[in-house]
Amino acid sequence: MDAPELHPDLEPISFLLGRWEGAGVVGYPTMESANFGQEIVFGHTGKPFLTYRSRTWLLDEKGEKVRPLATETGYWRAQPNRRVEVLLAHPTGIVEIYLGEVVFHKIELRTDMVARTASAKEYTAGHRLYGLVNGNLMYAFDMAAVGQPLRSHASAELKKVADFVPED
């Protein structure tokens, strides 16, 4: 399938487009640190937003997949003056809205709103930093959850493995 034409509003965040794969480290005061693998896919439909899908899995000491971890899906909406809005949904009962700014190939996001179902664990805030470094997508994620203040939770380095993934 041919890629639709990229909406001009997406130019500041177009460096995210494609399928990215890599590994990182996850930890929090309420859990033991571990290595994880990740795939992130940013796509577009020609409209003024990027589609987003992320999935992670626990890695053993040899780097082999052990079991699935977190997954999230959503949309990245470019705004005037290099601003961005990100809407994320998690199957664990959490929905987040992030607001942020794009500076060259760096995007910094902070939660504007967090909603959760009655069965979801306590999660109150997030801060994400994404950047293109030497052609790789690097990110760090801080969160405030389960009675803890905002602190480091996950970081990863991902390599681009495909430029465009068509949306169904």
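Computed from a predicted structure; not experimentally measured.
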Shortest non-hydrogen separation from [X] to [Y] and the atoms involved:
{"X": "G93", "Y": "A120", "value": "O-CB, 3.7 Å"}
{"X": "M143", "Y": "Y28", "value": "O-OH, 2.9 Å"}
{"X": "V146", "Y": "K121", "value": "CG1-CD, 4.4 Å"}
{"X": "V102", "Y": "I107", "value": "CG2-CG1, 4.0 Å"}
{"X": "G147", "Y": "E122", "value": "N-OE1, 2.7 Å"}
{"X": "G46", "Y": "P4", "value": "N-CG, 3.9 Å"}

> Using the benzene-type ring in the case of Trp, are the ring centres of F36 and W57 under 6.0 Å apart?
Replying inline: no
> Do W76 and Y130 make the cut of ring centroids closer than 6.0 angstrom?
Replying inline: yes
Under a 4.5 Å cut-off applied to non-hydrogen side-chain atoms, are [X] and [Y] in contact?
{"X": "Q148", "Y": "T30", "answer": "yes"}
{"X": "L16", "Y": "L50", "answer": "yes"}
{"X": "R77", "Y": "R83", "answer": "no"}
{"X": "V26", "Y": "S33", "answer": "no"}
{"X": "T71", "Y": "T56", "answer": "no"}
{"X": "R55", "Y": "P68", "answer": "no"}
{"X": "E64", "Y": "L59", "answer": "no"}

Within this structure, what is the [atom1]-[atom2] distance for the pair [X] and [Y], rounded to the nearest 0.5 Å?
{"X": "N136", "Y": "M138", "atom1": "CG", "atom2": "CE", "result": "7.0 Å"}
{"X": "T111", "Y": "R128", "atom1": "OG1", "atom2": "CZ", "result": "9.5 Å"}
{"X": "I13", "Y": "Q79", "atom1": "CD1", "atom2": "CD", "result": "9.5 Å"}
{"X": "E5", "Y": "H44", "atom1": "CD", "atom2": "NE2", "result": "9.0 Å"}
{"X": "S152", "Y": "D142", "atom1": "OG", "atom2": "CG", "result": "5.5 Å"}
{"X": "T117", "Y": "I94", "atom1": "OG1", "atom2": "CD1", "result": "7.5 Å"}

Sub-3.5 Å donor-acceptor pair from the side chain of [X] to the main-chain atoms of [Y], do we have one?
{"X": "H90", "Y": "T92", "value": "no"}
{"X": "K160", "Y": "L137", "value": "no"}
{"X": "Y123", "Y": "A115", "value": "no"}
{"X": "D60", "Y": "K62", "value": "yes"}
{"X": "T51", "Y": "F42", "value": "no"}

Is there a path of hydrophobic side-chain contacts, each under 4.5 Å between heavy atoms of I, L, V, M, F, W or Y residues, that connects [X] with [Y]?
{"X": "L10", "Y": "F15", "answer": "yes"}
{"X": "V114", "Y": "F141", "answer": "yes"}
{"X": "L69", "Y": "V66", "answer": "yes"}

> Does the side chain to side chain contact (heavy atoms under 4.5 Å, CB included) test come out yes or no for I40 and R53, once each step is laid out?
Replying inline: CA-CA 6 Å; I40 293 178; R53 181 173 77 243; over 6 Å; no
>> With side chain to side chain contact (heavy atoms under 4.5 Å, CB included) as the criterion, how do V86 and I97 come out once you've worked through the C-alpha distance, each side chain's angles and the decisive distance to 0.1 Å?
In response: CA-CA 6 Å; V86 177; I97 296 176; over 6 Å; no
>> Apply side chain to side chain contact (heavy atoms under 4.5 Å, CB included) to residues E157 and W20 and explain how you reach the verdict.
In response: CA-CA 9 Å; E157 179 175 2; W20 302 83; over 6 Å; no
>> Test side chain to side chain contact (heavy atoms under 4.5 Å, CB included) on L109 and L99; report intermediate values, then the result.
In response: CA-CA 5 Å; L109 304 166; L99 302 178; over 6 Å; no
Tell me whether [X] is salt-bridged to [Y], with the criterion being a basic N under 4.0 Å from an acidic carboxylate O.
{"X": "K65", "Y": "E21", "answer": "no"}
{"X": "R19", "Y": "E39", "answer": "yes"}
{"X": "R116", "Y": "E96", "answer": "no"}
{"X": "R110", "Y": "E108", "answer": "yes"}

> Y75 pairs by ring-ring contact (aromatic ring centres under 6.0 Å, His included) with which of Y98, Y52, F49?
Replying inline: F49
